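Just so it is clear, the model here is predicted, and its values are computed rather than measured.
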Amino acid sequence: MSVFDQINSVVGGPDATVRWIRSGLAVREELNARPADLAIVDMQIGTMGGVAVALDLRLEADAGRLIRCPVLLVLDRRADVFLARRSGAEGWILKPLDPIRLRRASSALLAGGTWHDQSFAPDPVAVPVK
């Protein structure tokens, strides 16, 4: 099942429209034409990655040229959290996706909060103090 199908099955429905934009460069144009309540952006989106899209949307909103829209980044691996933190995205979720985490993340962002997925976070290691 594709990432779009997974997302659409969770957040799509009679009260929600899910748009699939295959090019990172087209995201800003689409949101200018038809603002959205939430942008869920995969790290692998055409020629402009998810972090670049999140940065672009945040900078455009900060400059007053775009209506602010929370961004949920879909990360490929735990190491991508480093980039997600610097992107200005309101949240991120790690693959593989599951409906419960995706629903919680999208609900948190739609309510004006943040979502920082702790899945696959390394367990803390106790280090003896000498």
Side-chain angles (χ1 to χ4, degrees):
M1 180 179 281
S2 74
V3 172
F4 175 77
D5 291 335
Q6 290 175 334
I7 291 169
N8 191 36
S9 70
V10 173
V11 299
D15 298 331
T17 300
V18 179
R19 294 177 271 172
W20 187 6
I21 304 165
R22 296 179 187 208
S23 166
L25 294 170
V27 173
R28 183 186 342 145
E29 283 180 30
E30 180 67 23
L31 292 180
N32 259 331
R34 295 183 352 195
D37 296 322
L38 175 65
I40 302 175
V41 182
D42 191 14
M43 288 291 282
Q44 307 297 323
I45 179 172
T47 58
M48 184 178 181
V51 170
V53 170
L55 279 166
D56 182 52
L57 296 178
R58 180 176 55 87
L59 292 171
E60 289 297 305
D62 288 349
R65 294 185 293 261
L66 185 67
I67 296 171
R68 185 167 296 280
C69 171
V71 175
L72 177 65
L73 282 174
V74 179
L75 307 179
D76 294 317
R77 55 199 177 110
R78 185 78 198 157
D80 293 334
V81 169
F82 175 82
L83 298 170
R85 281 192 176 114
R86 279 137 188 86
S87 72
E90 287 75 13
W92 55 81
I93 188 168
L94 283 124
K95 292 176 187 173
L97 298 176
D98 68 75
I100 294 171
R101 283 185 305 125
L102 187 54
R103 188 168 290 115
R104 286 180 181 164
S106 57
S107 294
L109 270 60
L110 287 168
T114 60
W115 178 269
H116 303 141
D117 192 356
Q118 296 300 314
S119 299
F120 314 110
D123 291 327
V125 177
V127 178
V129 178
K130 294 183 181 193

For this session: With sequence neighbours excluded, give me every side-chain hydrogen bond (donor to acceptor under 3.5 Å, both in side chains) pair touching residues 47-70.
Result: Arg28-Asp56, Glu60-Arg65, Asp62-Arg68
Are [X] and [Y] close enough that some pair of their side-chain heavy atoms sits under 4.5 Å apart?
| X | Y | result |
| --- | --- | --- |
| Leu72 | Leu102 | yes |
| Lys95 | Met43 | no |
| Asp42 | Asp76 | yes |

Tell me, which pairs form a ring pair (Phe, Tyr, Trp, His ring centres under 6.0 Å) where one or both residues lie in [range], sequence neighbours left out?
| range | result |
| --- | --- |
| residues 52-77 | none |
| residues 25-63 | none |
| residues 12-64 | Phe4-Trp20 |
| residues 62-113 | Trp92-His116 |

Residues that [X] engages under side chain to side chain contact (heavy atoms under 4.5 Å, CB included), provided they are two or more places apart:
| X | value |
| --- | --- |
| Ile67 | Pro35 |
| Ile21 | Ala26, Val27, Glu30 |
| Ala89 | Ala54, Val71, Leu73, Ser87 |

Of all the heavy-atom pairs spanning [X] and [Y], show the shortest one and how long it is.
| X | Y | value |
| --- | --- | --- |
| Leu31 | Arg19 | CD2-NH2, 4.4 Å |
| Val18 | Gly12 | CG2-CA, 3.7 Å |
| Gln6 | Leu97 | OE1-CD1, 3.5 Å |

For this session: Go through the structure and list residues passing salt bridge (charged side-chain N to carboxylate O under 4.0 Å, His left out) with Glu29, not counting sequence neighbours.
Result: none
Could you note down all residue pairs passing salt bridge (Lys or Arg N to Asp or Glu O under 4.0 Å) where [range] supplies at least one of them, sequence neighbours left out?
| range | answer |
| --- | --- |
| residues 78-91 | Arg77-Asp80 |
| residues 6-16 | none |
| residues 102-112 | none |

Atom [atom1] in [X], atom [atom2] in [Y]: separation rounded to 0.5 Å?
| X | Y | atom1 | atom2 | result |
| --- | --- | --- | --- | --- |
| Asp117 | Leu94 | CG | CG | 5.0 Å |
| Asp98 | Ile93 | CG | CD1 | 6.5 Å |
| Ile7 | Ile40 | CD1 | CD1 | 5.0 Å |
| Ser106 | Asp37 | OG | CG | 11.5 Å |

Exercise. So if you build clusters from Ile, Leu, Val, Met, Phe, Trp, Tyr with side-chain heavy-atom gaps below 4.5 Å, do Leu25 and Val41 land together?
Worked result: yes
Problem set entry | Common cluster, Leu110/Val10, ILVMFWY with side-chain heavy-atom separation under 4.5 Å | yes
